[in-house]
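Taking it in order: structure first as structure tokens, then the write-up.
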Amino acid sequence: MTSNWTAIAMIAIGLFLVGGAFSFARQGIKSGAVLVGAGAVLAFVAGVLWW
């Protein structure tokens with residue numbers, strides 16, 4: 001049961017980071033958007049694989 005909650009948390013963190021990447025992109029900070037977007041993808045994939 002713990003691994004399911006961990007997977008859900010990782011997916012939630014990934015979605016949160018997608019919002020951060022979108023915010024950086026709107027402000028014109030391309031490098032920050034790319035880095036945060038990459039982190040979002042990694043967190044989301046880790047959550048899906050963990051599940």
Side-chain angles (χ1 to χ4, degrees):
M1 193 69 174
T2 304
S3 63
N4 284 341
W5 288 111
T6 305
I8 291 169
M10 290 298 287
I11 291 171
I13 289 170
L15 292 175
F16 176 75
L17 289 175
V18 165
F22 181 70
S23 175
F24 276 149
R26 284 186 52 191
Q27 293 176 14
I29 306 171
K30 299 288 186 209
S31 61
V34 169
L35 289 176
V36 175
V41 169
L42 289 175
F44 190 77
V45 169
V48 169
L49 290 177
W50 202 311
W51 200 317

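- Closest of all the heavy-atom pairs between A43 and I13 is CB-CG2, 4.3 Å.
- Residue L42 holds its CG atom at 10.5 Å from CG of L49, rounded to the nearest 0.5 Å.
- Contacts of L35 classified as side chain to side chain contact (heavy atoms under 4.5 Å, CB included), with partners at least two apart in sequence or in another chain: none.
- Hydrophobic clustering, with ILVMFWY side chains joined whenever heavy atoms are under 4.5 angstrom apart, groups W51 together with F44.
- Remark: V18 pairs with A40 by the side chain to side chain contact (heavy atoms under 4.5 Å, CB included) rule, at least two apart or across chains.
- Summarising the geometry of A25 relative to A33, their closest heavy-atom pair is N-CB, 3.8 Å, with the distance given to 0.1 Å.
- For V34, the side chain to side chain contact (heavy atoms under 4.5 Å, CB included) test picks out no residue, with sequence neighbours left out.
- In this structure, the side chain to side chain contact (heavy atoms under 4.5 Å, CB included) partners of V41, at least two apart in sequence or on a different chain, are V45.
- Heavy-atom minimum distance, W50 versus A7: CB-CB, 4.1 Å.
- Among all heavy-atom pairs drawn from G47 and M10, the shortest one is CA-CB, 3.6 Å.
- Closest heavy-atom contact between L17 and V36: O-CG1, 3.2 Å.
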